[in-house]
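Notes follow once the structure below has been shown.
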Amino acid sequence: MAGYTLDLFAEEPAAQTRTELAAGAWLLHGFVLAQAPQLLAEVAQIEAVAPFRHLITPGGYTMSVAMTNSGALGWVSDARGYRYDPIDPQTGRHWPALPALFADVARRAAAEAGYPGFEPQACLINRYVASARLSLHQDKDELDQRAPIVSVSLGLPATFLFGGLQRNDKTARHRLVHGDVVVWGGPSRLAYHGVAPLAAGSHAATGECRINLTFRKVR
DNA sequence: AAGTATCC
DNA sequence: GGAC
């Protein structure tokens with residue numbers, strides 16, 4: 001009997017909802033559920049050319065999140081600082097091209113959140129395993145900060161920290177699950193944000209990790 | 001400090 | 001989880 005009931009729930013189409021987290025910041029729940037398998041297949045292709053790696057912060061610490069990029073520009077960090085670079089410093093080659101599906105998802109999500117005309121130039125891909133985190137920070141390495149940030153969550157759930165324009169501002173915590181997209185821009189474009197240490201677990205789509213795609217217009 | 005440790 |  002349990003199987004019958006559970007199967008009915010499994011067939012239920014996932015509800016899509018839109019929630020404003022702060023002025024100009026939206027959580028699009030379930031927005032990329034249907035595209036998730038194809039998005040992850042693209043990540044596998046990208047990873048084969050530009051492997052995930054743990055970047056070093058300017059302060060000399062190794063980041064717990066593993067990163068790679070696709071698109072004309074990629075975000076990197078090393079002892080010299082943070083920057084966007086058209087070349088993957090680990091391979092000496094250009095980052096893999098931004099898949100058409102990535103650009104399509106980013107444009108549609110931005111428009112859904114009130115930012116029509118978004119054209120992503122860079123996609124930072126973050127891989128979190130258990131206990132990996134991203135401390136509170138601002139995305140401010142982009143020359144053009146009129147464009148929003150689009151962030152896609154795949155796999156294991158995470159706690160997203162979203163604060164204000166000053167580091168001391170109180171931060172709210174939001175649960176992000178597989179298929180969610182967060183878009184922030186306008187008054188919240190420079191809001192401090194981060195990800196709490198990932199809880200261990202397993203997800204049918206990704207195994208024991210969470211994959212995050214962050215789209216930016218750099219210039 | 002896009003990091004980590006410690007204390008409550 | 002939040003302060004430091």
Side-chain angles (χ1 to χ4, degrees), chain A residues 21-22 24-25 27 43 46-47 50-90 95 102 106 120-145 147-177 180-185 188-201 209-219:
Chain A
L21 305 181
L27 167 55
V43 171
I46 292 163
E47 177 182 5
F52 281 104
R53 80 293 304 264
H54 294 271
L55 298 176
I56 309 298
T57 67
Y61 290 94
T62 302
M63 297 180 72
S64 59
V65 175
M67 300 178 163
T68 186
N69 291 277
S70 78
L73 294 164
W75 185 87
V76 292
S77 172
D78 61 20
R80 291 155 46 200
Y82 307 140
R83 66 187 172 279
Y84 282 94
D85 198 318
I87 301 296
D88 176 351
Q90 182 168 306
W95 300 102
F102 278 23
Q121 295 171 331
C123 176
L124 174 62
I125 306 175
N126 294 157
R127 186 180 65 195
Y128 297 74
V129 295
S131 85
R133 76 204 68 181
L134 206 52
S135 66
L136 219 54
H137 67 279
Q138 294 172 297
D139 288 9
K140 59 178 186 183
D141 302 317
E142 301 75 26
L143 295 175
D144 182 352
Q145 299 181 343
I149 300 292
V150 175
S151 174
V152 174
S153 292
L154 299 167
L156 288 177
T159 298
F160 183 55
L161 312 171
F162 201 81
L165 300 181
Q166 297 189 264
R167 187 177 285 279
N168 302 343
D169 292 343
K170 177 176 160 52
T171 67
R173 304 168 73 84
H174 298 99
R175 179 178 169 83
L176 298 183
V177 301
D180 286 355
V181 179
V182 181
V183 181
W184 64 98
S188 61
R189 172 62 180 75
L190 290 176
Y192 276 89
H193 60 282
V195 176
L198 196 81
C209 72
R210 168 177 188 260
I211 299 288
N212 172 258
L213 313 176
T214 307
F215 297 96
R216 298 93 184 270
K217 181 180 193 310
V218 179
R219 45 186 172 79

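Residue numbers begin at 1 in each chain, while the letters A, B, ... track the order of the sequences.
- Base engagement by A:D141 is indicated by at least one non-hydrogen atom pair under 4.0 Å involving a base atom.
- Within the 3.5 Å criterion, the main-chain N or O of A:F162 finds no donor-acceptor partner in the side chain of A:H193.
- With no hydrogens or angles considered, no side-chain donor-acceptor pair links A:Y84 and A:R219 at under 3.5 Å.
- Not a single donor-acceptor pair under 3.5 Å links the side chain of A:R216 to the backbone N or O of A:L124.
- Inter-residue side-chain proximity for A:N212 and A:Y128 is flagged as met; some heavy-atom pair is nearer than 4.5 Å.
- Counting only distance, with no hydrogens or angles, the side chain of A:T159 and the backbone of A:R173 share no donor-acceptor pair below 3.5 Å.
- Backbone-only contact: A:T57 has heavy atoms under 4.0 Å from sugar-phosphate atoms and none from a base.
- Separating the NE2 atom of A:H137 from the P atom of B:dA2 is a distance of 7 Å, rounded to the nearest angstrom.
- Whole-Å rounding puts the A:F162 CZ to B:dA2 C1' distance at 16 Å.
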Read 5' to 3' with Watson-Crick or G-U pairs under 3.5 Å, [ ] for crossing pairs and | for partners on another strand, DNA chain B gives .....|||
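- A donor-acceptor pair under 3.5 Å is absent between the side-chain atoms of A:E142 and the main chain of A:K217, judged by distance alone.
- Rounded to the nearest 0.5 Å, atoms CH2 (A:W184) and CG (A:L21) are 9.5 Å apart.
- In this structure, the CG atom of A:L190 is 13 Å from the P atom of B:dA2, given to the nearest Å.
- Proximity of a side-chain donor or acceptor of A:R189 to a complementary backbone N or O of A:A147 within less than 3.5 Å is detected.
- Residue contacts shown for A:L55 are absent, as no nucleic acid heavy atom lies under 4.0 Å away.
- Where DNA chain C meets chain A (any atom under 4.0 Å from a heavy atom), the bounding nucleotides read 5' to 3' are C:dG1 to C:dG2.
- Counting to the nearest Å, the C1' atom of B:dA2 and the CZ atom of A:F160 are 13 Å from each other.
- The aromatic rings of A:H174 and A:F160 are tilted relative to each other, their planes meeting at an angle between 30° and 60°.
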Considering only nitrogen or oxygen atoms on both sides, find all protein atoms under 3.5 Å from nucleotides 4-8 of chain B and state each distance.
| residue | atom | partner | partner atom | Å |
| --- | --- | --- | --- | --- |
| B:dT4 | OP1 | A:T62 | O | 3.4 |

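- Regarding A:R216, its CZ atom lies at a distance of 13 Å from the P atom of B:dA2, rounded to whole Å.
- B:dA1 and B:dA5 have their C1' atoms separated by 14 Å, given to the nearest Å.
- When rounded to the nearest whole Å, the span between CD of A:Q138 and P of B:dA2 equals 9 Å.
- Using a 4.5 Å heavy-atom cutoff, the side chains of A:R53 and A:D88 are in contact.
- Between the side chain of A:D169 and the backbone N or O of A:G163 there is no donor-acceptor pair closer than 3.5 Å.
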